[in-house]
Amino acid sequence: MRTENNHILKILKTHDEIVQKTIEVANKLNDRFKNEKEEVVLLLVLKGSLPYALELMKHLNFDVSIDFITSSSYFLNKKISDPKIKYEPTFSIENKKVIIIEDLIDSGHTIKKLCKEIIKFKPSSITITAIYGKPSRIKTNNYEIFCWEEDPKEFLIGFGLDYDEKYRNLPYIAIIKGKK
Ligand code: IMP
Ligand code: MG
């Protein structure tokens with residue numbers, strides 16, 4: 001554990017709190033997809049969603065298949081206005097229900113662009129989940145479910161969230177020192 005790490009200002013969500021909230025989200029998804037006959041596609045947004053997705057899928061009790069989509073919203077530590085998306089499906093999602101798993105939705109630009117890209121492959125529906133969904137985000141027309149619908153304001157690291165590609169492995173979510 002790196003609680004002593006001098007880049008961390010404060011732990012905002014402990015690992016236990018994240019797991020607890022993830023189970024609540026999983027239960028809502030279990031309810032939503034309980035009568036599903038076909039498997040639901042989990043589309044993991046690399047790289048930040050990995051820890052959340054791995055925790056979430058353990059608690060899902062409907063059939064799923066898994067694929068990846070890559071997005072980068074930052075370049076050289078600066079947020080770029082047009083996120084870069086790379087999607088090379090390993091199987092068809094046509095007429096399938098898709099759940100996009102993200103780490104954090106801030107302005108909503110990235111998720112909007114992700115949806116636009118995914119829609120080209122004709123899924124029958126899109127559901128969105130993330131650890132954080134900021135209340136001020138641009139909302140999509142899809143069902144959206146978050147561990148926390150909050151606006152922490154500060155720059156967050158841990159549990160998938162990075163600063164300069166570091167800290168994704170922290171088991172908790174923390175505020176980084178000296179960055180807004
Ligand atoms: P949006 O396009 O403004 O919604 O930004 C979302 C993207 O920026 C997500 O893919 C996040 O990974 C990243 N992001 C936004 N805020 C933070 C943060 O506080 N820490 C780490 N990554 C962030
Ligand atoms: Mg991200």
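Each ligand, and each atom within it, is numbered from 1 in the order the structure gives.
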**Report entry** Polar contact flag for F155 and ligand 1 (N/O pairs, less than 3.5 Å)
**Finding:** no

Query raised in the report: Considering only heavy atoms of T110, which atoms of ligand 1 have at least one such atom less than 4.0 Å away?
Result: 1 (P), 2 (O), 5 (O), 6 (C), 7 (C)

Query raised in the report: Is a salt bridge present between K86 and E117, judged by a nitrogen-to-oxygen distance below 4.0 Å?
Result: no

**Report entry** ligand 1 contacted by V45 (non-hydrogen, < 4.0 Å)
**Finding:** no

Query raised in the report: Using links of under 4.5 Å between side-chain heavy atoms of ILVMFWY residues, direct or through other members, which residues join I138 in one cluster?
Result: none

Query raised in the report: Between the candidates I176, L161, L156, which shows the shortest non-hydrogen contact distance to atom 20 (N) of ligand 1?
Result: L156

Report summary line: If we number the atoms of ligand 1 from 1 as shown, the ones under 4.0 Å from a heavy atom of D162 are 21 (C)

Query raised in the report: Considering only heavy atoms, does D106 approach ligand 1 within less than 4.0 Å through its side chain, its backbone, both, or neither?
Result: both

Report task. Could you establish whether P83 and ligand 1 come within less than 4.0 Å of each other, counting only heavy atoms on the residue side? Result -> no

Query raised in the report: Does ligand 1 have any atom sitting under 4.0 Å from a heavy atom of R137?
Result: no

Report task. Please report the shortest heavy-atom distance between T110 and I85, naming the atom on each side. Result -> O-CD1, 4.4 Å

Requested in this report: Within a distance under 4.0 Å of any heavy atom of S107, pick out the atoms of ligand 1 and give their elements.
Outcome: 1 (P), 2 (O), 3 (O), 4 (O)

Query raised in the report: Near K122 NZ, under 6.0 Å, is it more than 12 heavy atoms from other residues, nucleotides or ligands?
Result: no

Requested in this report: May I ask you to check whether over 12 heavy atoms, not counting those of E94, lie within 6.0 Å of atom CD?
Outcome: yes

Query raised in the report: Counting heavy atoms only, which of L104, L114, D82 comes nearest to atom 16 (N) of ligand 1?
Result: L104

Report summary line: The single option from L42, I128, I119, V41 that satisfies side-chain contact (heavy atoms from CB on, under 4.5 Å) with V98 is V41

Query raised in the report: Do any nitrogen or oxygen atoms of E102 come within less than 3.5 Å of a nitrogen or oxygen of ligand 1?
Result: yes

Report task. Using a strict 4.0 Å cut-off to heavy atoms of S73, name the atoms of ligand 1 that fall inside it. Result -> 7 (C), 8 (O), 10 (O)

Report task. For residues 49-75, pull every pair meeting salt bridge (Lys or Arg N to Asp or Glu O under 4.0 Å), keeping only residues two or more places apart or in separate chains. Result -> E55-K58

Query raised in the report: With a 4.0 Å cut-off, would you call D31 and K34 a salt bridge?
Result: yes

